[in-house]
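One structure is given below, encoded as structure tokens.
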2 protein chains.
Amino acid sequence: MKQKITLKQIAKELDVSISTVSKALKDSEEISIDTREKIKAFAKFYNYKPNNIALSLKNKKTKTIGVIIPEIVHHFFTTVIGGVEKIANEKGYNVIICSSNNSFDKEVINMEMLASGSADGFILSVAKETQLKKDYHHIQETINQGMPVVLFDRVIDELVCDKVIIDDAKGAQTATNHLLSLGCKNIAILTTVDYISVGKLRTRGYFRALRGFDIEEKEELVLKIEDIDNCESEIDEFLKNKNVDGIFAVNELFAVTAAKILNKQNKKVPQDVAVVAFTDGILSKHFIPSLTTISQHGENMGERAAMLLIDKLEDDETVAEEYRTVIIDTSLVERQSTKKAD
Amino acid sequence: MKQKITLKQIAKELDVSISTVSKALKDSEEISIDTREKIKAFAKFYNYKPNNIALSLKNKKTKTIGVIIPEIVHHFFTTVIGGVEKIANEKGYNVIICSSNNSFDKEVINMEMLASGSADGFILSVAKETQLKKDYHHIQETINQGMPVVLFDRVIDELVCDKVIIDDAKGAQTATNHLLSLGCKNIAILTTVDYISVGKLRTRGYFRALRGFDIEEKEELVLKIEDIDNCESEIDEFLKNKNVDGIFAVNELFAVTAAKILNKQNKKVPQDVAVVAFTDGILSKHFIPSLTTISQHGENMGERAAMLLIDKLEDDETVAEEYRTVIIDTSLVERQSTKKAD
DNA sequence: TTGTATGCGTTATCAC
DNA sequence: GTGATAACGCATACAA
């Protein structure tokens with residue numbers, strides 16, 4: 001097995017000094033054309049590639065963006081990554097993705113690993129467990145060490161850094177308003193437990209919309225789902241003997257599951273019950289009937305996050321102590337699940 | 001902004017040498033308890049973390065596995081990553097994920113970047129464009145440089161390295177057999193163009209199953225879809241005026257799209273047409289009717305790939321010049337789309 | 001035109 | 001017990 005070739009080896013083989021090789025490879029005017037050509041040919045032949053590790057050590061820069069997401073098997077997050085990569089590539093940055101798996105410990109490990117030499121800055125959405133623990137020391141420390149951090153989607157208010165979010169409450173309000181404008185009177189919400197920040201905000205938007213239409217908020221129309229993997233039974237139980245004519249679900253899975261249950265209960269979507277889901281993903285698009293959703297424009301979020309981060313990264317000296325919160329607009333994607341027309 | 005603290009700085013502050021600090025932090029017996037404690041306390045206070053870059057440079061090891069996949073927004077691939085991470089974590093390796101976006105160029109860039117210092121080995125599934133170009137020099141070079149590579153799913157026969165695959169042909173045969181055993185006589189296949197290796201293999205399995213039941217292979221029942229993003233129109237056209245009673249689709253999207261089109265044509269799944277899809281993902285699970293699938297056990301694939309890679313990585317000296325191809329069993333997941341019973 | 005020396009952060013070896 | 005030094009691979013200021 002060939003080992004990777006280094007400047008040193010080239011220098012030795014060609015009987016010149018390391019710096020000559022280094023300069024020649026950079027096409028420096030200092031070196032004679034002859035030597036340059038000779039060295040370049042040799043290097044090419046042996047497929048020389050500068051060692052990134054050494055470069056990073058020297059430059060204190062890796063030209064790499066670290067992205068940490070709670071779940072890799074999740075359409076929304078991967079969409080965001082798509083956006084990050086797009087901008088990063090344009091600006092000559094590499095993207096390294098790590099998954100925290102919603103575990104606090106893994107989030108800490110990943111951050112420390114990337115922070116100690118593998119990335120120049122972070123784009124991250126915090127793990128569920130971290131939100132629950134409210135322990136953000138690892139993020140704070142990273143920021144303190146001078147590494148820029150951009151939080152997205154699941155952000156932490158206490159942390160002073162750039163953020164990219166959507167107006168969850170407003171999106172939820174739009175969704176609920178849409179149902180209300182279709183004439184729905186009994187709108188249920190399928191949401192998460194309150195420690196999930198986005199769930200809480202979306203619930204708030206739902207209530208706000210109801211108030212806007214002077215509709216009474218009924219506790220029995222609110223379902224806070226604890227165990228997402230087992231939401232089916234919870235939703236089933238919840239929908240029994242309830243006379244809802246509209247459902248707003250804070251994610252696709254809840255919406256789809258509800259639709260399936262309604263189906264079993266012989267209630268038709270959208271004729272009997274209209275359904276809107278937060279998060280526009282692949283499930284909503286392909287479900288029958290296709291689901292009306294609130295699109296979070298994940299790719300867009302990723303792009304903006306990457307821009308914010310790279311701005312900070314390149315702003316070296318001026319040390320822009322200015323932190324921005326970008327709010328991405330949501331939009332309503334109308335599909336069959338709310339088409340009242342025949 | 002605090003900068004990250006180094007051994008050097010600690011040494012200076014405490015007025016000892018760098019090596020003393022280094023040893024103390026490793027709890028070396030050489031250093032007196034007193035000094036050790038003092039140094040450790042100080043380091044802890046300033047949140048000292050060894051710089052990975054420097055360590056990698058020294059050790060020529062990064063303890064990191066590079067994973068390159070064709071698409072990050074793809075359920076199957078992210079599932080595989082889940083498996084890789086599980087094993088990697090157990091063995092103390094980090095996982096870095098990069099997406100080639102099905103682009104040859106990006107695949108090359110990502111590989112070179114990770115190969116030149118950021119990862120010890122690779123787990124990769126080649127980009128579509130790479131398969132089309134049949135240009136594998138970047139992978140071959142990586143292997144030549146002594147970095148272990150494990151190919152999975154979309155593998156390249158010509159490359160000598162470890163591989164984790166499923167028996168695509170056999171899985172397709174199982175799927176088709178299932179349809180045949182239900183009594184289907186006119187089974188169509190929705191597949192990809194031939195340069196996609198897995199598509200080709202699955203088509204082969206389909207034919208093999210037909211022959212096993214002495215059923216004539218009809219060209220007009222085979223649809224090779226060119227443009228996946230626009231498969232709807234192709235499938236629609238294809239299914240018109242065709243009297244099929246079974247459909248085998250090489251992926252979820254084709255299956256779901258076909259089911260929706262059948263729906264429009266007032267044909268019922270499974271009563272009129274039974275449907276089986278390759279790849280078990282969330283679409284199949286949540287579609288109505290839920291789809292019978294061939295599960296590729298992506299997580300399992302990831303686990304095996306990680307094991308193979310780590311074995312090679314830790315086998316340093318013996319230079320195991322032995323390359324293994326692991327074949328993951330597929331299994332049939334029966335759901336509503338093939339339930340003939342009433 | 002080419003080469004030498006230094007430093008990036010760490011560890012291991014060897015000297016004191 | 002502690003410290004000096006070399007080495008990992010590279011770039012660069014400075015000599016020659």
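Here is the naming used below: chain letters follow the sequence lines, and residue numbers restart at 1 for every chain.
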Reckon [X] has a side-chain N or O less than 4.0 Å from the OP1 or OP2 of [N]?
X: A/Lys8; N: D/dC8; value: yes
X: B/Lys60; N: D/dG9; value: yes
X: B/Ser19; N: D/dT5; value: no
X: B/Thr20; N: D/dG3; value: yes
X: A/Lys26; N: D/dA11; value: yes
X: A/Ser32; N: C/dT2; value: yes
X: A/Ser22; N: D/dT12; value: no
X: B/Lys58; N: D/dG9; value: no

In terms of side-chain heavy atoms of A/Ser17, which of C/dG3, D/dC10, D/dA4 is nearest?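 Side chain of A/Ser17 sits closest to C/dG3.
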Are there over 12 heavy-atom neighbours, none belonging to A/Lys40, within less than 6.0 Å of that residue's NZ?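 Yes, because the 6.0 Å sphere around NZ of A/Lys40 holds more than 12 heavy atoms from other groups.
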So with a 6.0 Å cut-off around NZ of B/Lys91, is the heavy-atom count from everything else above 12?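 No, NZ of B/Lys91 has 12 or fewer neighbouring heavy atoms, counting only those of other groups under 6.0 Å.
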Would you mind telling me which residue lines up with the more 5' stretch of DNA chain C, B/Glu30 or B/Leu55, judged by nearest nucleotide?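 Nearest nucleotide further toward 5': that of B/Leu55.
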Describe, in one word, how the ring planes of B/His74 and B/Phe76 are oriented to each other, choosing from parallel (under 30°), tilted (30 to 60°) and perpendicular (over 60°).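 Correct class here is perpendicular.
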Residue mapping more 5' on DNA chain D - nearest nucleotide basis, B/Val16 or B/Leu57: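 In this pair, the answer is B/Val16.
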Closest nucleotide of DNA chain D for A/Tyr48 versus for B/Ile33: which of these residues is on the 5' side?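 Comparing both residues, the 5'-ward one is B/Ile33.
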Rounded to whole angstroms, how far apart are CG on B/Leu7 and C1' on D/dC8?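 Checked: the CG to C1' distance equals 16 Å.
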Tell me: CG of A/Asp120 to P of C/dC8, nearest whole Å?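 These atoms are roughly 18 Å apart.
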Donor-acceptor check, side chain of A/Ser56 to backbone of A/Asn52, threshold 3.5 angstrom: yes or no?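 Yes; at least one donor-acceptor contact below 3.5 Å.
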Just by distance, do the side chain of B/Ser100 and the backbone of B/Lys106 share a donor-acceptor pair under 3.5 Å?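 Not at all, since once roles are kept as given, no pair shorter than 3.5 Å links the two residues.
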Looking at every strand, decide which applies to B/Ser56 at a 4.0 Å heavy-atom threshold: base, sugar-phosphate, or nothing.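 The answer is nothing, as B/Ser56 stays clear of every strand by at least 4.0 Å.
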